[in-house]
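In what follows, a structure is listed as structure tokens, so that the remarks can point back to it.
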Amino acid sequence: MRTPLIAGNWKMNNTVAEALELVECVKTRVLGVKRTEIAVAPPFTALYAVGSILKNSNIRLSSQNVFWEDKGAFTGEISPLMLTEIGCAYAIVGHSERRQYFGETDESVNKRIKAAIACGLMPIVCIGETLAERESGKAMEVINTRLMGALRGIDQDGIKNIVIAYEPVWAIGTGRNATPQQAEEVHRHIRVLIGDLYGPAVSEQTRILYGGSMNQENAPDLLSQPDIDGGLIGGASLKVGSFTAIIMAAENASL
Ligand code: 13P
């Protein structure tokens, strides 16, 4: 059985004060959650403060990115070591916004993943196709390229510490989520591909999250699909009510 993971990607939102208020409220509301793992990914400025509040709670800390070197002359970057030091368990890697606006490539994503794993930080690796790619029938091809590129050189031990997130670019922030059937089809495809690379036992253990306009209305159907093991939530993770409702949907789906 895979433990569902609901992770909130706050993107470039929330001051430290706003972050603390949000996470305090979520923390109280999810005290009874037992079967679902929860994580939040605040912006770098709020990571330390949010992490302090989350100590001894059932919410884990994630960064939104991570660099591949431990230290040195890399202005503006943050190392895996710096993140684990302040209690990060996860790092989102290769988000489509990073690829689109900041020049991330499969190669740089692969380096970030390797560095994170080596430091005990679990990457949440984002892959997904654009609308043009889907409409031209290339969705699965893109998924293959992204996944193989991300996992290049990663062995059986490495993959066990990786979470995959399928985030169709056309569904991110658009209010147009993939239907449960569309998402399940890609999740199944990803699981088969991981099975081809690492064997069926590893593939059955690998968690594959869905991300893209997930909200409290569509979460129950998406999360009840056999190969959808949780969600990477953007907009709906910024509000206590919608984020906790999605967490409860995961709890119920895992019964
Ligand atoms: P939205 O939930 O706002 O569509 O964002 C999804 C996402 O990009 C999570 O990483």
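Each ligand, and each atom within it, is numbered from 1 in the order the structure gives.
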Worksheet item: Do D227 and H189 come close enough that some side-chain heavy atom pair is under 4.5 Å?
Response: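 No, too far: nothing below the 4.5 Å cut-off.
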Discussion item. I'd like to check L255 versus R35 (side-chain heavy atoms, cut-off strictly below 4.5 Å). Are they in contact?
Written reply: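 In short, these two side chains touch, coming nearer than 4.5 Å.
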Are the charged groups of [X] and [Y] less than 4.0 angstrom apart, N to O?
X    : Y    : result
R146 : E129 : no
K34  : E251 : no
E107 : R112 : no
D106 : R152 : no

N or O pair under 3.5 Å between [X] and ligand 1:
X    : answer
G212 : no
I172 : no
G211 : no
N9   : yes
E97  : no

Looking at [X], which atoms of ligand 1 are within less than 4.0 Å of one of its heavy atoms?
X    : answer
K11  : 5 (O), 6 (C), 7 (C), 8 (O)
A171 : 4 (O)
G235 : 1 (P), 2 (O), 3 (O)
H95  : 7 (C), 8 (O), 9 (C), 10 (O)

Discussion item. Let me check something: do V33 and L223 share a hydrophobic cluster, defined by ILVMFWY side-chain heavy atoms less than 4.5 Å apart, either directly or through other members?
Written reply: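 Hydrophobic grouping puts V33 with L223.
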Discussion item. So for A236, does at least one of its heavy atoms come nearer than 4.0 angstrom to any atom of ligand 1?
Written reply: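 So A236 does not count as touching ligand 1.
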Item to complete: Determine the interplanar angle of the H187 and Y166 rings, folded into 0 to 90°, and report it as parallel if under 30°, tilted if 30 to 60°, perpendicular if over 60°.
Response: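 Aromatic pair H187/Y166 classed perpendicular.
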Worksheet item: Can you tell me the protein heavy atom closest to atom 2 (O) of ligand 1 and the distance?
Response: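 For atom 2 (O) of ligand 1, the nearest protein heavy atom comes out as G234 N, 2.9 Å.
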Worksheet entry | Nearest candidate to atom 7 (C) of ligand 1, where distance is taken over non-hydrogen atoms, out of M214, R176, E167 |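 The option holding the nearest heavy atom is E167.
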